[in-house]
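Take a look at the structure below.
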Amino acid sequence: QHTLAIRADPRNSSYLLNRAMTQRALGRFDDGVRDCDAGLALGFQPGEEWLRLRLVYESARCKYANRKLGDALQDVDAVLAENREDGWAWLLRGAIKLQINPRQPESALKDYLKGFGLTTGELMQPLRQALYFLREESSEYAVAKIEEAAKHDDALEPLAKHFRQELAAA
């Protein structure tokens, strides 16, 4: 259906963004990146900066899912260079950095915390609870909450894995 919409209006970047998200969900990561690139190549009208940043962010998500971590980090950093208040980009940046260097998680955890503070929605409730329980030394419950949130966003899976390993080692 996205392809039909794109054929009907090939200059509509939001159609390409929607198809890119679908491509990622189907595991067609390179196709998702191509759709994002095509959307970015169309150019944008004043007031459409959000769409351009969303295309770059989706490209990063596709690259992350395809294990192209350096390229994904580059895209996320481009989003954050223009919008330091994008909580989802901070969360994805934390996930990427934790995958790149799992033995030194401090920088990644700072990015996750920044993202937690900026992001709203149902997904954030278990994460905020997890942070509370981590501070209260209730590690098992905190890890369970992080794992609950990770079911809804793949950027949180490395964080859940990290804390589960830390808990097992303790």
Side-chain angles (χ1 to χ4, degrees), residues 17-18 20-37 39-40 50-135 139-170:
L17 172 62
N18 289 334
M21 291 187 298
T22 300
Q23 300 282 27
R24 179 174 46 83
L26 294 172
R28 298 182 198 151
F29 310 122
D30 291 333
D31 291 336
V33 170
R34 276 191 288 278
D35 281 343
C36 290
D37 290 345
L40 290 165
W50 67 271
L51 180 57
R52 184 177 55 77
L53 290 176
R54 188 68 180 102
L55 281 159
V56 176
Y57 175 76
E58 185 58 35
S59 177
R61 294 215 45 183
C62 290
K63 291 171 184 174
Y64 171 74
N66 204 21
R67 315 308 292 158
K68 295 179 180 177
L69 301 177
D71 293 341
L73 184 59
Q74 200 171 26
D75 284 352
V76 168
D77 285 344
V79 170
L80 291 171
E82 293 188 47
N83 181 6
R84 304 294 290 172
E85 303 300 308
D86 188 326
W88 294 106
W90 282 108
L91 290 173
L92 183 57
R93 188 172 194 262
I96 294 165
K97 287 169 67 177
L98 197 54
Q99 293 291 309
I100 290 173
N101 196 354
R103 295 192 191 278
Q104 295 182 344
E106 295 79 18
S107 177
L109 296 177
K110 287 179 185 175
D111 290 343
Y112 273 116
L113 287 173
K114 177 95 172 165
F116 295 156
L118 293 170
T119 308
T120 60
E122 286 183 33
L123 173 63
M124 291 299 104
Q125 182 62 25
L127 293 174
R128 289 195 177 98
Q129 290 173 344
L131 288 175
Y132 170 79
F133 288 109
L134 281 173
R135 288 186 191 113
S139 299
E140 181 64 41
Y141 190 75
V143 172
K145 286 295 180 182
I146 294 169
E147 289 172 338
E148 176 185 331
K151 292 176 186 174
H152 303 285
D153 191 310
D154 59 353
L156 300 172
E157 289 174 12
L159 182 66
K161 181 181 175 184
H162 169 76
F163 279 114
R164 178 59 62 198
Q165 289 171 343
E166 290 289 312
L167 189 60

I want to check something: taking the side chain as every heavy atom from C-beta on, are Arg67 and Phe29 in contact at a cut-off of under 4.5 Å?
no
Taking atom NE2 of His162 and atom CD of Gln99, what is their separation to the nearest 0.5 Å?
12.0 Å
Kindly give the heavy-atom pair with the smallest separation between Val76 and Ala60, and that separation in Å.
CG2-CB, 3.6 Å
Basic-acidic side-chain contact under 4.0 Å: Asp37, Arg34:
no
Find out whether Asp71 and Gln74 are in side-chain contact, i.e. whether some heavy atom of one side chain is under 4.5 Å from a heavy atom of the other.
yes
Rounded distance [0.5 Å steps], OH in Tyr64 versus CZ in Arg24
11.5 Å
Indicate yes or no: at least one non-hydrogen side-chain atom of Asp75 is less than 4.5 angstrom from one of Tyr57.
no
Roughly how far, to the nearest 0.5 Å, is the CG atom of Leu92 from the NZ atom of Lys63?
11.5 Å
Can you tell if the side chain of Gln23 reaches within under 4.5 Å of the side chain of Glu58, non-hydrogen atoms only?
no
Contact check, side chains of Leu159 and Leu109, non-hydrogen atoms, under 4.5 Å
yes
Going by the rule side-chain hydrogen bond (donor to acceptor under 3.5 Å, both in side chains), which residues pair with Asp77 if we only count those two or more places apart in sequence or in a different chain?
Arg93
Rounded to the nearest 0.5 Å, what separation is found between the CG atom of Asn66 and the CG atom of Asp30?
5.0 Å
Supply the atom-to-atom distance Ile96 CD1 to Leu73 CG, rounded to the nearest 0.5 angstrom.
5.5 Å
What's the shortest heavy-atom distance between Val56 and Ala78, and which atoms?
CG1-CB, 4.3 Å
What's the shortest heavy-atom distance between Leu118 and Gly87, and which atoms?
CB-CA, 3.6 Å
Would you call Tyr112 and Pro158 a side-chain contact if the rule is heavy atoms closer than 4.5 Å?
yes
Which pairs with one or both residues in residues 79-88 pass salt bridge (charged side-chain N to carboxylate O under 4.0 Å, His left out), sequence neighbours excluded?
Arg52-Glu82
Rounded to the nearest 0.5 Å, how far apart are CG of Leu80 and CG of Asp111?
8.0 Å
If you look at every heavy atom in Gly32 and Ala20, which pair is closest and at what distance?
O-CB, 3.5 Å
